[in-house]
Number of protein chains: 2
Amino acid sequence: MSKAAGKKDTKQKILNAAEVLFAEQGFNDTSLRLITSAADVNLASVNYHFGSKKDLIKAVMDRYLAIFMPRADAALRQLLTEPAINLHQVFDCFVAPLMELTVIKRRGPEIFLQLLGRGYIDNQGFLRWFIVNHYGEVLEHFTQAIRKAAPALSSADVFWRLHFTLGTVVFTMASSEALRDIAKTDFDEDIDVEGLVRKVIPYLASGVGANPC
Amino acid sequence: MSKAAGKKDTKQKILNAAEVLFAEQGFNDTSLRLITSAADVNLASVNYHFGSKKDLIKAVMDRYLAIFMPRADAALRQLLTEPAINLHQVFDCFVAPLMELTVIKRRGPEIFLQLLGRGYIDNQGFLRWFIVNHYGEVLEHFTQAIRKAAPALSSADVFWRLHFTLGTVVFTMASSEALRDIAKTDFDEDIDVEGLVRKVIPYLASGVGANPC
DNA sequence: GTCTATAATGGGATAGAC
DNA sequence: GTCTATCCCATTATAGAC
């Protein structure tokens, strides 16, 4: 907007290149050199625009979180006003907010989920800290909804099963491209990201609702 | 055995230090310098004994796989001779083989699962290739057992849900220490790895057996 | 804001003495 | 088998010209 030149903003070019590479290879295995050459910008521009690699990672994540989290939160709050809810509805709250991430780019939904997984696994926790501190209330509403939909579960069971679902989703999405390729060649099943999300929800809902033993 | 000196074999010291660090931080984020100083051996000894870091990674993984895989395979084969089986039984096949990994060290079971997750997520696939090529038949029997226990699922559904379970387990175990700490402080729940495995199995069995939609 | 050049660090691997 | 010393490469980050 405020830019005069016709070429895309350097900052955006960096973000767009970085998120794809981070999602594919993880944060630590993606060098600034790789990012800047993919983005076709100068190496030094990352530090100029973002300050450090760590801050670039936060910027990449927050571009998605800032869209996804408020909408997921709104859907969860809305659901919580219902008198009775089930687990399938709880997970459905995340579908539309996830799919809206195409406003950032076409593959936004899968990139976001991959980044989320990387953030959990790669790092020493600074990203986890960042997410919990900025979007902790969404997690809180998610937990409330689960408890309302599955009142038989203890607090500890809810805690564990939320992490089980996180693992399922994040791991699946981290290799979703490869898996969808296999599904296409082996089973002649052409599935997009939304299809995959809708495929995983019955698994999650059933798993979370299982009888503890 | 063939060693004269009273001190532990350098090769074993390296393996024991490396697997813990690999499990905690991933393969690429663990330097040989860190490993050798933790193992209290010389930096050059890794290359002397293993040839390269990549070969050290394979050696670390295979020490566990060589014990785990044949036993899991035997349990699955045995189960497949039964006339009727359920999903819970299928997953139970892995519990005893996993717990026997304490023969390597006390925390063997969780280290193994963490390493497995790292192998799937960290790397460009050389480890995945190694596992599939060396232990592919175990995966085959696993698939057969799932199909027998849940005949309503299509081939594609089985494929997807196996990856869902892999994600659940691997992701949970990759952060199992942190999660168990939280469970202890927040819910006063003191749980060991076997307890966690037994906690995840109902989730997996229920998820895999859910009605596709 | 963009670039080149370079500093400072840490990585894997190896040569060669012992 | 073990150790020191070192090579060579890649990394993040920055200084300073334009």
Side-chain angles (χ1 to χ4, degrees), chain A residues 1-61 118-119 122-127 130, chain B residues 1-61 118-119 122-127 130:
Chain A
M1 208 249 265
S2 60
K3 274 272 128 20
K7 71 177 175 188
K8 218 176 7 172
D9 198 6
T10 297
K11 212 167 164 176
Q12 297 302 315
K13 280 167 49 173
I14 293 171
L15 284 174
N16 284 326
E19 64 181 22
V20 173
L21 294 166
F22 284 153
E24 282 171 358
Q25 326 180 14
F27 299 113
N28 293 334
D29 291 355
T30 303
S31 69
L32 295 182
R33 285 176 157 77
L34 190 60
I35 293 168
T36 51
S37 76
D40 199 31
V41 300
N42 188 272
L43 171 61
S45 60
V46 170
N47 277 36
Y48 177 82
H49 286 286
F50 296 95
S52 69
K53 183 178 179 179
K54 202 184 243 191
D55 288 321
L56 171 60
I57 294 173
K58 281 200 280 200
V60 162
M61 285 300 297
R118 297 292 180 187
D122 273 25
N123 265 121
Q124 352 278 13
F126 85 94
L127 246 179
F130 175 76
Chain B
M1 207 246 264
S2 60
K3 274 271 134 10
K7 72 178 173 186
K8 222 184 353 179
D9 198 7
T10 297
K11 213 168 163 176
Q12 297 302 316
K13 279 169 46 176
I14 294 171
L15 284 174
N16 285 326
E19 64 180 24
V20 173
L21 294 167
F22 283 152
E24 281 172 358
Q25 325 182 13
F27 298 115
N28 294 334
D29 291 354
T30 304
S31 69
L32 295 182
R33 286 173 164 80
L34 188 61
I35 293 168
T36 51
S37 78
D40 198 31
V41 301
N42 189 274
L43 170 60
S45 60
V46 169
N47 277 37
Y48 177 81
H49 285 288
F50 296 95
S52 71
K53 184 178 179 179
K54 201 185 245 190
D55 287 321
L56 171 62
I57 294 172
K58 282 200 279 199
V60 162
M61 285 302 294
R118 297 291 180 187
D122 273 23
N123 266 120
Q124 351 278 16
F126 85 94
L127 246 180
F130 175 77

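Reminder, nothing fancy here: chain letters follow the sequence lines and each chain counts from 1. Fair warning: this is a prediction, and the values are worked out from it, not measured in the lab.
Within the 4.5 Å cutoff, the side chain of B:I57 has no heavy atoms near those of the B:F50 side chain.
Look at NZ on B:K54: it is 15 Å from C1' on C:dA13, rounded to the nearest Å. Protein atom CZ of A:F50 is 12 Å distant from nucleotide atom P of C:dG1, rounded to whole Å. When the C1' atom of C:dG12 is taken as reference, atom CG of B:D55 falls 13 Å away, rounded to whole Å. Rounded to whole Å, atom C1' of D:dT2 lies 11 Å from atom CD1 of B:I14. A straight line from CG of A:D9 to P of C:dG1 spans 7 Å, rounded to a whole angstrom. Put simply, OH on B:Y48 is 17 Å from P on C:dA17, counting in whole angstrom units. B:H49 has its NE2 atom 16 Å from the C1' atom of C:dA13, to the nearest Å.
Partners of A:E24 by side chain to side chain donor-acceptor pair (under 3.5 Å), not counting sequence neighbours: none found. Under the side chain to side chain donor-acceptor pair (under 3.5 Å) criterion, A:S31 pairs with no residue, sequence neighbours left out. With sequence neighbours excluded, the residues satisfying side chain to side chain donor-acceptor pair (under 3.5 Å) with B:S52 are B:D55.
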So which protein N/O to nucleotides 9-11 of chain C N/O distances come out below 3.5 Å?
unit_1, atom_1, unit_2, atom_2, d
C:dG11, OP1, B:S31, OG, 3.3

Donor-acceptor list for residues 39-47 of chain B side chains, cut-off 3.5 Å, not counting sequence neighbours:
unit_1, atom_1, unit_2, atom_2, d
B:N42, OD1, B:A44, N, 2.8
B:S45, OG, B:N42, O, 2.5

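The distance from the NZ atom of A:K13 to the CG atom of A:L15 is 12.5 Å, given to the nearest 0.5 Å. From A:T10, atom OG1 reaches atom NE2 of A:H49 across 4.5 Å, with rounding to the nearest 0.5 Å. Taken to the nearest 0.5 Å, the CZ atom of A:R118 stands 14.0 Å off from the CD atom of A:E19.
Comparing C:dG1, D:dA13, D:dT2 by their nearest atom to the side chain of B:T10 picks out D:dT2.
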Go through the steps to decide whether A:I35 and A:K53 satisfy the test side-chain contact (heavy atoms from CB on, under 4.5 Å), and finish with yes or no.
CA-CA 11 Å; A:I35 293 168; A:K53 183 178 179 179; 5.6 Å; no

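Using a 4.0 Å cutoff on non-hydrogen atoms, the parts of residues 35-47 of chain A near DNA chain D are A:L43, A:A44, A:N47, ordered by number.
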